[in-house]
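To keep things clear, I will list the structure first and then write my remarks on it.
As a basis for the values below, the full set of heavy atoms in this structure was taken, side chains included, without hydrogen atoms, waters or symmetry mates. Heads up: numbering here begins at 1 and tracks the sequence.
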Amino acid sequence: MLMIPGPTPVPEQVLLAMGKHPMGHRSSEFSALMAEVTENLKWLHQTQNDVLILASSGTGAMEAGIINFLRQGDKVLVGNNGKFGERWGKVARAYGLDTHEITAEWGKPLNPEDFKAALEADTDKQIKAVIITHSETSTGILNDLETINAYVKAHGALIIVDAVTSLGACSVPVDEWGLDVVASGSQKGYMIPPGLAFVSVNEKAWTAYETANLPKFYLDLGLYRKDGAKNTTPFTPPVNLFLRCRPPCKC
Ligand SMILES: Cc1ncc(COP(=O)(O)O)c(C=O)c1O
């Protein structure tokens with residue numbers, strides 16, 4: 001059994017359920033499966049919003065979470081108290097965003113009051129998004145997303161969240177808290193092998209998508225939304241990762 005900050009163990013029954021010849025991803029069989037998986041994803045995210053499925057690792061979902069909702073040169077506030085907060089900053093800078101970091105020592109949580117102060121000082125609303133890691137895997141710290149998000153809501157910026165190691169491990173009530181964009185990956189709390197990533201997107205984020213202008217193609221979430229409405233995907237997904245065991249399930 002792996003006890004590393006990498007993939008989690010996958011139940012034997014799930015692995016056996018996946019051991020099938022791949023079905024066609026344009027088949028009615030796959031569409032029915034995708035409809036069921038999408039409903040279950042909404043349950044896990046506690047949301048009625050779109051939850052889109054990508055063939056990528058968690059970092060692909062993070063990148064999609066940035067490039068679909070922001071404009072060139074936008075000012076963003078990134079929380080950095082570990083390896084994955086640091087990665088958010090790298091992605092934001094790679095796309096030329098005006099990236100400002102709120103840091104905390106590794107092993108310590110981000111201080112919500114630092115976000116409050118920066119957001120309250122931004123009276124002309126230059127900050128377009130606050131980007132944070134919920135569970136900072138590199139140190140095991142769970143950041144206070146609920147409080148930070150309350151300050152973001154009072155300001156009006158988007159909140160973009162890495163929930164790669166919190167979804168499935170602790171409650172992430174996307175609708176109750178009004179989280180705009182939430183990225184995750186299959187190999188952590190989901191207990192599925194690596195290869196699928198997920199992004200939940202609410203209406204506020206879709207409004208930002210309309211005017212976003214960062215370059216995108218494979219990770220253009222509009223494509224996933226359009227095809228997802230028909231229970232299909234724009235590109236070939238790893239179909240076996242969608243399969244699950246049926247009752248009587250011994251997981
Ligand atoms: C909090 C967090 N964010 C992002 C990632 C990156 O995910 P991936 O390696 O699937 O791209 C990880 C992976 O461990 C993670 O723990």
Side-chain angles (χ1 to χ4, degrees), residues 2 6-65 68 161-175 179 181-203 205-206 209 216-251:
L2 290 174
T8 55
V10 182
E12 188 81 10
Q13 292 291 315
V14 176
L15 291 172
L16 290 171
M18 290 175 183
K20 296 203 170 67
H21 194 279
M23 67 178 84
H25 66 291
R26 301 290 178 220
S27 65
S28 53
E29 189 187 2
F30 180 74
S31 288
L33 180 61
M34 182 159 161
E36 188 187 331
V37 168
T38 302
E39 270 317 300
N40 288 337
L41 283 169
K42 289 185 181 195
W43 169 82
L44 179 65
H45 288 73
Q46 304 177 55
T47 188
Q48 298 303 315
N49 300 328
D50 291 308
V51 183
L52 308 170
I53 307 171
L54 313 177
S56 83
S57 78
T59 306
M62 292 169 70
E63 185 157 339
N68 281 275
V161 181
D162 170 352
V164 166
T165 48
S166 57
L167 258 171
C170 62
S171 180
V172 186
V174 170
D175 285 0
L179 302 175
V181 180
V182 178
S184 60
S186 56
Q187 78 276 20
K188 306 286 190 194
Y190 293 81
M191 298 178 79
I192 307 171
L196 288 176
F198 312 95
V199 191
S200 84
V201 182
N202 71 6
E203 278 311 318
W206 282 125
Y209 171 89
K216 56 185 177 293
F217 178 72
Y218 183 74
L219 293 176
D220 181 344
L221 293 181
L223 303 176
Y224 293 83
R225 183 188 211 192
K226 183 164 152 280
D227 282 11
K230 294 177 279 174
N231 292 309
T232 186
T233 54
F235 312 109
T236 311
V239 288
N240 289 43
L241 291 182
F242 287 66
L243 291 167
R244 68 173 182 84
C245 43
R246 301 269 167 204
C249 171
K250 299 195 192 72
C251 294

Exercise for review: Using modelled atom types only, decide if a donor and an acceptor are shared between the side chain of Asn240 and the backbone of Lys20 within a distance under 3.5 Å.
Suggested key: yes
**Study point:** Ser186 side chain to Pro193 backbone, donor-acceptor under 3.5 Å
**Key:** yes
Exercise for review: Look up atom CD in Glu12 and atom SG in Cys245, then write down how far apart they are to the nearest 0.5 Å.
Suggested key: 11.0 Å
Review point. In this structure, are over 12 heavy atoms from other groups packed under 6.0 Å from Glu36 atom CD?
Key: yes
Review point. Do Met18 and Leu241 touch side chain to side chain, with heavy atoms closer than 4.5 Å?
Key: yes
Exercise for review: For Lys42 and Val37, indicate whether the former's side chain and the latter's backbone hold a donor-acceptor pair under 3.5 Å.
Suggested key: no
Point to revise | For the student: nearest non-hydrogen atoms of Ser56 and Ala61, plus distance | key: OG-N, 3.8 Å
Check your understanding: Could you give the distance from CG (Leu33) to CG (Leu243), rounded to the nearest 0.5 Å?
Key -> 5.5 Å
Practice item. Grab the two heavy atoms, one from Ala35 and one from Asn231, that are nearest each other, plus how far apart they are. Key: CA-OD1, 3.3 Å
Study note, to complete from the structure: d(Trp206 CH2, Asp50 CG) to nearest 0.5 Å is 6.0 Å
Check your understanding: Where do Leu44 and Leu167 come nearest, in terms of heavy atoms and distance?
Key -> O-CD2, 3.7 Å
Review point. Backbone N or O of Met62 within a donor-acceptor pair of the Asp162 side chain at under 3.5 Å?
Key: no
Exercise for review: Considering non-hydrogen atoms only, spot the tightest contact between Gly65 and Val181 and give its length.
Suggested key: CA-CG1, 3.8 Å
Exercise for review: For Tyr190 and Ser184, run side chain to side chain donor-acceptor pair (under 3.5 Å): C-alpha distance rounded to whole Å, both residues' side-chain angles, the deciding distance at 0.1 Å, then the answer.
Suggested key: CA-CA 9 Å; Tyr190 293 81; Ser184 60; 2.8 Å; yes
Review point. Where is the tightest heavy-atom contact between Gly60 and Leu219, given as atom of each residue plus distance?
Key: O-CD1, 3.7 Å
Review point. Taking atom CD of Gln48 and atom CG of Asn202, what is their separation to the nearest 0.5 Å?
Key: 12.5 Å
Practice item. Please work out which of the three classes, parallel, tilted or perpendicular, describes the rings of Tyr224 and Phe235, given edges at 30° and 60°. Key: perpendicular
Point to revise | Expected output: side-chain Asp220 to main-chain Lys216 donor-acceptor under 3.5 Å | key: no
Exercise for review: Please assess Ile192 against Val14 for the test side chain to side chain contact (heavy atoms under 4.5 Å, CB included), listing each intermediate value before the final yes or no.
Suggested key: CA-CA 8 Å; Ile192 307 171; Val14 176; 5.6 Å; no
**Study point:** Interatomic distance, Lys230 atom NZ to Met34 atom CE [nearest 0.5 angstrom]
**Key:** 11.0 Å
Practice item. Go through the steps for Tyr209 and Arg225 under the test side chain to side chain contact (heavy atoms under 4.5 Å, CB included), then give the verdict. Key: CA-CA 12 Å; Tyr209 171 89; Arg225 183 188 211 192; over 6 Å; no
Review point. Should Thr233 and Asp227 be marked as a side chain to side chain contact (heavy atoms under 4.5 Å, CB included) after you check the CA-CA gap, both sets of side-chain angles, and the distance that decides it?
Key: CA-CA 5 Å; Thr233 54; Asp227 282 11; 5.6 Å; no
Exercise for review: Could you tell me which non-hydrogen atom of Phe242 sits nearest to which non-hydrogen atom of Pro237, and how far apart they are?
Suggested key: CE1-CB, 3.8 Å
Point to revise | Leu54 vs Leu221, side chain to side chain contact (heavy atoms under 4.5 Å, CB included): CA-CA, chis, key distance, verdict | key: CA-CA 9 Å; Leu54 313 177; Leu221 293 181; 3.8 Å; yes
Review point. Is Thr8 reaching over with its side chain to a backbone N or O of Gln187, donor-acceptor style, under 3.5 angstrom?
Key: yes
Review point. Rounded to the nearest 0.5 Å, what separation is found between the CG atom of Asn68 and the CD atom of Glu63?
Key: 10.0 Å
